[in-house]
Amino acid sequence: MAHDYDFRSIEQKWRKHWDANGTYAVTEDDSKEKCYVLDMFPYPSGAGLHVGHPLGYIASDIYARYQRHRGKNVLHPMGYDSFGLPAEQYAIQTGQHPAVTTANNLKRYREQLDKLGFCYDWSREVRTSDPVYYRWTQWIFAQLFDAWYNQDSDRAEHIDTLTAKFNENGTYNVNAGNDPEWWKDLDRAEFPQFSEHFAGEFTAVDWQSFTERQRQLVLMHYRLTYLADSWVNWCPALGTVLANDEVKDGVSERGGHPVEQKRMRQWSMRITAYAERLLSGLDTIDWTDSIKEVQRNWIGRSQGASVWFELKDHSGKIEVFTTRPDTIFGVSFMVLAPEHPLVAEITTADQKAAVEAYQTAAKAKSERDRQSNVKDISGQFTGAYAVHPFTGEPVPVWIADYVLAGYGTGAVMAVPAGDQRDFDFAKHFDLPIPAIFEGVDLSEEAHADKGAVLANSDFLNGKTGYDAMGVCIDAMEEQGFGLRKINYRLRDAVFSRQRYWGEPFPVYYKDELPQLLDELVTLPPVDAYLPTEDGEPPLARAKNEDWNVFKGDRMETNTMPGWAGSSWYFLRYMDPHNTKAFCDRSKSDYWGQVDLYIGGSEHATGHLLYSRFWTKFLYDMGYIGFDEPFKKMINQGMILGRSSFVYRIKDSNRFVTFEKRKEYQTQRLHVDISLVENDTLNVEGFKAWRPEYADAEFELNDEGKYTCGHEVEKMSKSKYNVQTPDELVERFGADTLRCYEMFLGPLEQAKPWDTQGINGVHNFLRKLWRLFNEGTEVRVSNADPSKDSLKSLHKTIKKITEDLERGSWNTVVSALMICVNELTDQGCHHRGILEPLTVLLAPYAPHLAEELWSRLGHSGSVNDATWPAFDEKHLKEDEVNYPVQFNGKVKFQLKVDASLNPKQVEELLLANENTAQFLDGKAPRKIIVVPGRIINVVV
RNA sequence: GCGGGUAUGGUGAAAUUGGUAGACACGCCAGAUUUAGGAUCUGGUGCCGCGAGGCGUGGGGGUUCGAGUCCCUUUACCCGCACCA
C-alpha cells in the first residue's frame with residue numbers, strides 16, 4: 001500500500017494556500033486581547049539553519065498558534081539581525097559587498113524557515129542592516145546623546161533640563177548619574193579660567209560665561225551616550241574594540257583572538273546610570289533564576305563605604321572602597337594597583353627602582369596571565385606610609401597586581417584577619433595580622449564571617465560585624481574621612497566598532513566636536529573593507545562625496561556594535577513601515593511587552609541587558625509605556641551534534657575500525673555524519689569525500705564493516721556534524737519534524753541530536769491519518785461518539801491545555817499519541833471526536849491539521865477554529881477501584897461508587913471490617929483515605 | 001572560590017498539589033504477515049530470582065500512614081562569574 005499520508009503534497013498545498021490568503025497577517029484590534037510571542041531573530045550566517053535553530057522557533061510557533069485558537073490577537077513576527085562580522089570578513093576576502101552576501105544568506109534562511117510551516121506575519125519582517133530600519137537605530141542614538149540621567153527624578157531627561165539647571169544654579173543641585181569624578185577627564189587647556197582646585201563644581205555665572213564649545217565639552221560628560229577617552233578591549237586580530245560581554249577569558253568571543261587594554265577615544269553608552277533599575281527590574285519579570293542571577297552578578301552591586309586615608313609626608317590621600325568598614329581596626333597595610341596614579345608620587349627614593357621594576361613586570365603580563373596566575377602572590381613595598389584614620393598609626397603602602405585598577409578606586413585597605421587574599425599577602429610578606437575577632441583562630445586562614453564579634457577595635461568592641469557596620473560608617477562620616485557608598489561592577493558599554501558592516505553614526509565633526517545629524521546616514525561605498533593604512537576604520541576610505549550626507553570637517557567613521565540594532569527590534573515589529581517614527585505610541589500601547597520571548601541564554605549579559613537598558617530609556621523619554629521589554633522568557637537548550645570519527649594509523653593512509661583502534665597508534669579525525677549510518681562508515685562515500693582519501697585503505701571489524709567512534713559536541717561546520725532540517729523535512733515532512741523536536745524532551749534542556757526516534761513520531765501522524773481516512777478516502781461517521789472516546793478526548797483536552805499553559809511542549813506530543821492510540825483501539829471515526837482533535841493537533845502539525853479540517857468539510861482555516869472546551873463530566877467514572885494497602889502492600893481492591901468522597905469511603909471500609917480482618921488477622925485501628933486512589937490501613 | 005542547574009530502565013523521557021514510579025516513544029526479544037518497505041500487526045521488555053518473593057528514582061540520614069517529589073548531608077557532571085576589596 002502506498003503512503004496514505006502524503007505529507008509532501010499536503011504541506012506544499014497548504015503553504016501555498018496560507019501565503020496566497022495572508023492567513024498569518026495580523027493587525028491591531030481593540031476588540032481582542034493581544035498576545036506577543038517572539039523569537040530571538042537570527043544572524044543569517046552562510047551555513048544556513050541547522051536543526052538547533054528551529055527548536056525555539058517551533059516552540060514559540062506552537063504557543064502563538066495555541067493563543068490564536070484561544071481567541072487572542074497574536075503578534076508573531078520574524079526578522080534578521082543582519083549586520084555582523086562574518087559577512088564583513090567574507091567581504092574582505094572576496095571583495096563582495098556584505099549587503100550581497102547578506103541578501104543571499106537571507107534568502108536561504110527564508111526558504112528553510114518557510115518549509116517548517118511557521119505562522120509568522122512576514123509583512124512585518126525587519127532587517128537591522130536595512131537603512132529603513134537603521135535610520136531609527138540612529139535616531140535612538142541621537143535621543144541618548146540628547147539626554148542625561150537625573151538621579152533626583154530617577155529617570156533620563158532631555159539635556160535641556162540639565163542646561164536649564166546649569167543656567168539657574170550651576171552644578172549646585174545637579175545630581176546626575178554620571179562619573180562623579182568626570183571633571184578629572186576634562187581637558188583643562190580648554191578651560192583656562194578654572195583654578196587648579198577645580199573639582200567639578202561651577203556656578204550659574206560660570207556656565208553663562210562659558211563659550212558654546214566649553215558648554216559642549218562639559219555636557220559630553222553628562223550625556224547618556226558620550227565620546228571619551230577610555231580603556232577599551234582592543235582586539236588587534238579583528239581590528240576593533242569589543243565590549244566586556246564580547247570578551248571571554250581574555251580573548252574575543254568570536255574567533256578567540258587575544259584582547260589587550262588600550263586607551264582610545266570611543267563612543268560609550270552610560271548603562272551604569274541604569275544599574276540600580278536594571279537590578280530592581282529583574283523582580284518584575286518572569287525569567288529563569290539562573291539568567292537573572294547572571295545579570296545580577298554582571299551588574300555586581302556591592303554596598304560598603306569609601307574611606308580616605310591620609311598619607312604621611314605627602315599631601316595626597318588614598319581613597320579605598322570596602323564592603324567591610326567594620327574591620328577597619330584590622331588594617332595593617334594598604335595595597336594600590338600597580339597602575340594607580342599616586343604610586344609614582346609617593347614611592348620613596350630607595351624603593352623607586354624596585355617599584356618601577358614591579359610596574360613594568362605587571363604591565364607585561366597579559367590580562368590572561370594575570371587571571372590564570374591567581375595563586376602567585378607578588379607585590380612591592382613603596383616605602384610610603386598612610387595614616388590610620390582612627391588610630392593615627394602608620395600603615396605601610398604596597399602595590400600588587402591582585403588589586404585591579406579598573407574596579408573601585410584601584411586601592412584597598414588590607415585586613416588580613418577578614419579577607420583571605422589580604423591574609424595570604426600578609427603571610428607571604430610577613431606583615432602583621434591584627435586579631436580583631438573574639439575567639440577566632442587566625443593562624444591558618446582569614447575569617448570572613450560578618451557574624452564574628454569584634455575585638456581590639458576601640459568603640460566597635462563587642463559588636464558583631466553586622467552591627468558594627470552602620471556605627472562605623474556613621475563615625476567616619478561624622479569625622480569626614482568616609483562615606484556610605486554603593487559600587488557596581490558594571491561598566492559603561494563601548495559603542496564604537498572599527499568596522500564597515502554596521503550602522504554608521506548620525507554624527508559629523510566640527511572643530512573636533514561631534515554634532516548630531518537629524519537624518520538618515522547610509523553606509524557609503526568603499527574600495528576595500530579593511531582599515532586604512534593609518535589604522536582608521538574602513539569608513540574612513542569613503543570620499544566626502546560618497547556619503548549621502550556630508551557636513552562639517554569630517555564624518556564619524558566608526559560604526560555601531562552588533563547589539564545596537566537588536567536592542568529595540570521587538571518594538572519595530574509593532575509598526576514596521578512607519579517612516580515618521582520608530583514606532584507609533586498607539587501601536588506600542590496596544591502590543592505592549594513581549595508576552596513570551598524564546599531564545600538562548602548566551603545573550604544574558606549582552607542583548608538581554610542592552611535591550612532592557614534601551615527600553616527603560618525609551619520609557620523615561622515617554623516614547624513607550626513599559627520599561628521592561630520581555631515579560632516572560634524561556635531559554636531553549638542547545639541541540640548538540642553527534643560527531644563521528646575515523647581512526648587513521650599514524651603517518652599512513654590506513655584507517656582502522658573503532659574496535660581495533662587501540663592496537664595501533666592512531667589519530668582521530670572527524671568524518672562527515674552523512675557518510676555514517678548507525679556508526680558504520682560508508683567506505684566508498686568516504687573515499688570520494690576528499691581527494692586525499694581516494695586510495696585510503698581500511699582495516700575492518702569481524703563483520704567486515706568499518707565502525708566509527710562518536711562523541712556529543714557542539715554542532716559546527718568544522719566538526720562535520722551539522723544536521724540540517726532540510727533533509728528531514730524531505731524525508732518525513734515538516735509536521736513530523738516539528739512534533740519530533742518537541743518530543744525530544746524539555747525545551748530548556750541541552751540535548752544531543754538523535755534521529756533514532758523520528759520514525760515513532762512519523763508513525764503517530766500516519767496512525768492519526770488513518771483515523772480520518774481509509775487510504776485516501778475520508779471515513780468519518782456522524783453518529784454519536786462512545787463514552788470511552790469522549791473520555792479519551794476530554795482527558796487529552798485537559799492535559800494539552802494545561803501543558804501548553806505551563807510551557808511543557810514535550811508532554812503534549814505524548815498526550816496526542818495516547819489519544820490516537822486509544823481512539824484507534826476504540827475504532828472511533830466520529831466527527832464529534834475528530835473535529836476537536838484536529839484543533840488540538842493544529843499547533844503541532846499545522847499542515848496536516850489544515851488538510852484534515854478541510855476533509856472534514858470546512859471551508860475556512862483550522863487556524864480560526866476555537867480551542868475545544870474541556871468538559872469534566874466525560875471524565876467521571878461510575879465506579880473506582882480503591883486499592884487498600886496494609887503496611888504499603890496492596891491487599892485488596894475496594895470497588896466503590898465514584899461519587900463517594902474520601903470520608904464516605906473511609907466509612908465503607910470500616911463497615912468492611914470483616915474482610916480486613918480476614919486479610920490481616922487484626923482489625924484496622926486507623927484508616928486514612930486520601931483524595932487520590934489509595935487507602936492506607938495502619939495496623 | 002561564588003552563583004545557577006542536572007542526576008529516574010539499554011536510550012530520550014513521564015509522574016502538575018507528597019498518593020499503585022518508569023506513561024509515551026526509541027531500541028531490543030519472540031511471533032504473524034509480507035517480500036525490496038527505511039513497511040505493518042500481535043505479545044514481551046526496570047533489576048535480581050525457576051518461583052513465591054525481594055530490590056529499585058546518584059550515595060547517606062530525616063519528616064510522613066505514604067517521598068522521585070519536602071528537610072539535612074554528601075558525591076558526580078553541566079553552565080555562568082571570578083584576585084570585585
Side-chain angles (χ1 to χ4, degrees), chain A residues 1-3 248-249 288-298 300-302 304 320-324 327 335 337 370-377 400-404 406-415 418-422 424-425 448 487-490 601-602 604-605 635 637-638 677 731-732 739-740 743-746 748-752 754-764 766-767 799 802-803 805-806 808 810-821 881-883 885-890 893 925-939:
Chain A
M1 201 173 7
H3 265 130
K248 296 260 146 77
D249 300 326
T288 61
D289 289 339
S290 102
I291 211 153
K292 285 188 188 181
E293 205 52 37
V294 168
Q295 291 208 342
R296 281 191 196 106
N297 287 344
W298 189 257
R301 180 187 206 268
S302 52
V320 301
F321 174 74
T322 177
T323 54
R324 292 298 302 276
T327 62
V335 188
R370 225 166 128 160
Q371 281 176 16
S372 58
N373 296 329
V374 168
K375 296 251 157 59
D376 296 352
I377 297 167
D401 64 6
Y402 82 86
V403 174
L404 305 174
Y407 181 77
T409 59
V412 303
M413 59 176 223
V415 182
D419 183 285
Q420 194 58 42
R421 288 156 306 169
D422 297 345
D424 294 340
F425 195 85
N487 225 344
Y488 299 94
R489 203 188 72 108
L490 185 71
S601 56
E602 66 272 20
T605 54
N635 308 111
M638 202 177 1
E677 185 135 12
R731 249 162 70 177
F732 297 100
C739 291
Y740 183 60
F743 184 69
L744 273 176
E748 298 86 344
Q749 224 162 77
K751 46 204 161 248
D754 181 3
T755 48
Q756 292 281 307
I758 198 166
N759 268 315
V761 175
H762 190 61
N763 286 341
F764 146 68
R766 298 180 54 191
K767 206 166 175 181
K799 170 85 176 144
E802 283 171 2
D803 285 353
E805 290 293 340
R806 76 189 160 103
S808 173
N810 54 327
T811 49
V812 171
V813 186
S814 299
L816 284 167
M817 286 178 176
I818 294 169
C819 186
V820 167
N821 286 348
N881 283 332
Y882 276 75
Q885 299 182 354
F886 287 86
N887 295 333
K889 286 170 204 164
V890 176
Q893 306 252 323
R925 280 210 304 259
K926 186 183 173 195
I927 297 170
I928 300 138
V929 179
V930 237
R933 303 242 310 272
I934 296 148
I935 300 170
N936 294 290
V937 182
V938 189
V939 187

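Naming convention: chains lettered A, B, ... in sequence-line order (proteins, then strands); numbering from 1 in each chain.
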Measuring only between side-chain heavy atoms, which start at C-beta, is [X] closer than 4.5 Å to [Y]?
X	Y	answer
A/N759	A/F732	yes
A/N821	A/K767	yes
A/R806	A/T811	yes
A/M817	A/V761	yes

Practice problem: Rounded off to whole Å, could you give me the CG-to-P distance for the A/L490 and B/rA82 pair? | Solution: 13 Å
Self-check item: Interatomic distance, A/F764 CZ vs B/rA25 P [rounded to whole Å]
Solution: 10 Å
Quiz item: Along nucleotides 3-13 of chain B, 5' to 3', which nucleotides get a B, which get an S, and which get a -, given that the test is a protein heavy-atom distance under 4.0 Å?
Solution: SS-------BS
Complementary nucleotide for [N] - Watson-Crick or wobble, under 3.5 Å:
N	result
B/rU64	none
B/rA39	none
B/rG27	B/rU45
B/rG80	B/rC2
B/rU8	none

Quiz item: Would one find a side-chain N or O of A/R296 under 4.0 angstrom from OP1 or OP2 of B/rG80?
Solution: no
Quiz item: Is A/N763 near enough to B/rU40 that one of its side-chain N or O atoms lies under 4.0 angstrom from OP1 or OP2?
Solution: yes
Quiz item: Does A/R489 have any side-chain hydrogen bond (donor to acceptor under 3.5 Å, both in side chains) partners at least two apart in sequence or in another chain, and if so, which?
Solution: none
Among the candidates [options], find the nucleotide nearest to the side-chain atoms of [X].
X	options	value
A/V412	B/rU16, B/rA85, B/rC26	B/rA85
A/R731	B/rU40, B/rG38, B/rA15	B/rG38
A/I818	B/rA15, B/rC24, B/rC84	B/rC24
A/N821	B/rU16, B/rG38, B/rC24	B/rC24
A/Q756	B/rG27, B/rA15, B/rC83	B/rG27
A/Y402	B/rC83, B/rU40, B/rC84	B/rC83
A/Y407	B/rA85, B/rG38, B/rC24	B/rA85

Exercise. List in chain and number order the residues that pass salt bridge (Lys or Arg N to Asp or Glu O under 4.0 Å) with A/K799, two or more places apart in sequence or in another chain; answer none if no residue qualifies.
Key: A/D803
Quiz item: When we call it a touch if two heavy atoms are under 4.0 Å apart, what does A/K799 touch: a base, just sugar-phosphate, or nothing?
Solution: base
Practice problem: Would you indicate what A/N487 reaches in the nucleic acid, counting non-hydrogen atoms under 4.0 angstrom: base, sugar-phosphate, or nothing? | Solution: nothing
Exercise. Between B/rC78 and B/rG58, how far apart are the C1' atoms? Round to whole Å, please.
Key: 15 Å
Quiz item: Which sits closer to the 5' end of RNA chain B, A/R806 or A/R489, going by the nucleotide each is nearest to?
Solution: A/R806
Quiz item: If only atom types and distance count, is the side chain of A/N487 paired as donor or acceptor with the main-chain N or O of A/S302 below 3.5 Å?
Solution: no
Exercise. Measure from the side-chain N and O atoms of A/T288 to the backbone N and O of A/I291, and report whether any donor-acceptor pair falls under 3.5 Å.
Key: yes
Quiz item: Using the purine O4'-C1'-N9-C4 or pyrimidine O4'-C1'-N1-C2 torsion, is B/rG9 syn (within 90° of 0) or anti?
Solution: syn
